[in-house]
Amino acid sequence: MELLIVIGAVVSAASALPYIKGVQNGTVRPKVVSWFTWCLLATLLTGAALTTGQVMSAVMSGVTVLTTGTVFVLGLRKGNRALDKLDIATLVGALAGMVVWLLLDNPTLAIFVALGVDIIAFIPTLVHGWTNPEEESAVSYGVATAGAGLGLIAASGAGATLAGVAYPVYAVVFNGAMAVLLTRSVWVSWLLLPIGQRSRGAESSY
């Protein structure tokens, strides 16, 4: 199961590669406020893992720092840096959540607070994906969903607690939602086709 967790983490990390390439090429414009928050939270989680001797967790969150930090830095030049009222409210809420997380003495509760911060940070990106789907990468979110799914299977198979599966569940749900959101023009068009045409389309794809 540990190997499956590692594979899931590697797949999740690899999901950032097409995203980073897209930012460099100018085809992807990340919502900078989300990536800044994710990078900051991952940095704090890495520090916490190191201070408590959780080397494996520190390595995994450290990879997240590297990927989110890269997207954030590239986004400062080529991303969406605009801050509207939603972005400001999200940033304030995320930072407040981080302060609460740092002050907590309960590790389990801290996990859910950190998860809440992550979800808050996702809001501007979800809105961006809805309004400007061409500026996001469906491939990256699809691969991230697969990686999180592997982690969830491994955690569940190892008998993890609710706190142990909370993050993989979140990652599957939100990355999956983002992938569906970004490909909605494809699957909505398919759903609108008559059933007979759907079948012929499926057969012609083989």
Side-chain angles (χ1 to χ4, degrees), residues 3-50 54-81 87 90-91 94 98 114-115 117-155 166-183:
L3 177 60
L4 194 57
I5 293 174
V6 173
I7 293 174
V10 171
V11 172
S12 296
S15 70
L17 298 180
Y19 201 97
I20 291 171
K21 183 178 180 180
V23 177
Q24 288 178 318
N25 294 340
T27 57
V28 174
R29 296 187 69 232
K31 194 66 176 175
V32 173
V33 65
S34 289
W35 291 91
F36 167 75
T37 307
W38 287 328
C39 182
L40 180 58
L41 181 61
T43 301
L44 294 174
L45 288 170
T46 302
L50 287 173
Q54 300 178 48
V55 179
M56 194 63 195
S57 294
V59 170
M60 291 183 179
S61 57
V63 171
T64 302
V65 173
L66 181 62
T67 55
T68 56
T70 301
V71 174
F72 168 66
V73 171
L74 290 173
L76 288 175
R77 188 162 56 93
K78 297 186 175 182
N80 188 323
R81 295 173 295 172
D87 297 332
T90 298
L91 186 57
M98 287 184 199
L115 194 58
V117 173
D118 230 309
I119 291 173
I120 291 171
F122 220 123
I123 295 173
T125 290
L126 282 171
V127 174
H128 186 237
W130 176 260
T131 57
N132 302 95
E134 73 283 354
E135 294 183 355
E136 291 288 350
S137 172
V139 172
S140 289
Y141 288 105
V143 175
T145 303
L150 290 173
L152 179 58
I153 293 170
Y167 188 84
V169 168
Y170 148 76
V172 168
V173 170
F174 278 81
N175 283 302
M178 192 68 177
V180 170
L181 186 67
L182 296 176
T183 56

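In terms of heavy-atom proximity, Gly176 sits nearest to Thr145 at N-OG1, 3.0 Å. Among all heavy-atom pairs drawn from Pro124 and Lys31, the shortest one is CB-CG, 3.7 Å. For the pair Leu126 and Leu181, the tightest heavy-atom approach, listed with the atom from each and the gap, is O-CD2, 3.4 Å. Pairing each heavy atom of Ile120 with each of Ala94, the nearest pair is CG2-N, 4.0 Å. The heavy-atom pair separating Ala138 from Thr183 by the smallest distance is CB-CG2, 3.7 Å. In this structure, Ser140 and Pro18 approach most closely via the heavy-atom pair OG-CG, 3.3 Å.
Residues Pro30 and Asn80 form no side-chain contact, since every pair of their non-hydrogen atoms from C-beta on lies 4.5 Å or further apart. When side chains are defined from C-beta on, Met98 counts as touching Leu41, because their heavy atoms get closer than 4.5 Å. Between Val32 and Leu76, some side-chain heavy-atom pair lies under the 4.5 Å cut-off. Residues Asp87 and Leu91 fail the side-chain proximity criterion, which asks for heavy atoms closer than 4.5 Å. Annotation: side chain of Tyr167 is in contact with side chain of Asp118 (closest heavy-atom distance under 4.5 Å).
The backbone N or O of Trp35 lies less than 3.5 Å from no partner atom in the side chain of Thr68, so there is not a single donor-acceptor pair. Within the 3.5 Å criterion, the main-chain N or O of Tyr19 finds no donor-acceptor partner in the side chain of Ser137. Listed for the Lys78 side chain is a donor-acceptor partner under 3.5 Å among the backbone atoms of Gln24. Looking at Thr64, its side chain never comes within 3.5 Å of a backbone N or O of Ala42 through a donor-acceptor pair.
Relative orientation of the Tyr141 and Phe122 rings is tilted, given thresholds of 30° and 60° on the angle between their planes.
Rounding to the nearest 0.5 Å gives a distance of 9.0 Å between CZ of Phe72 and OG1 of Thr37.
Listed by first and then second residue, the side chain to side chain donor-acceptor pair (under 3.5 Å) pairs involving residues 120-130 are Ser34-Thr125, His128-Glu135, His128-Glu136 (not counting sequence neighbours).
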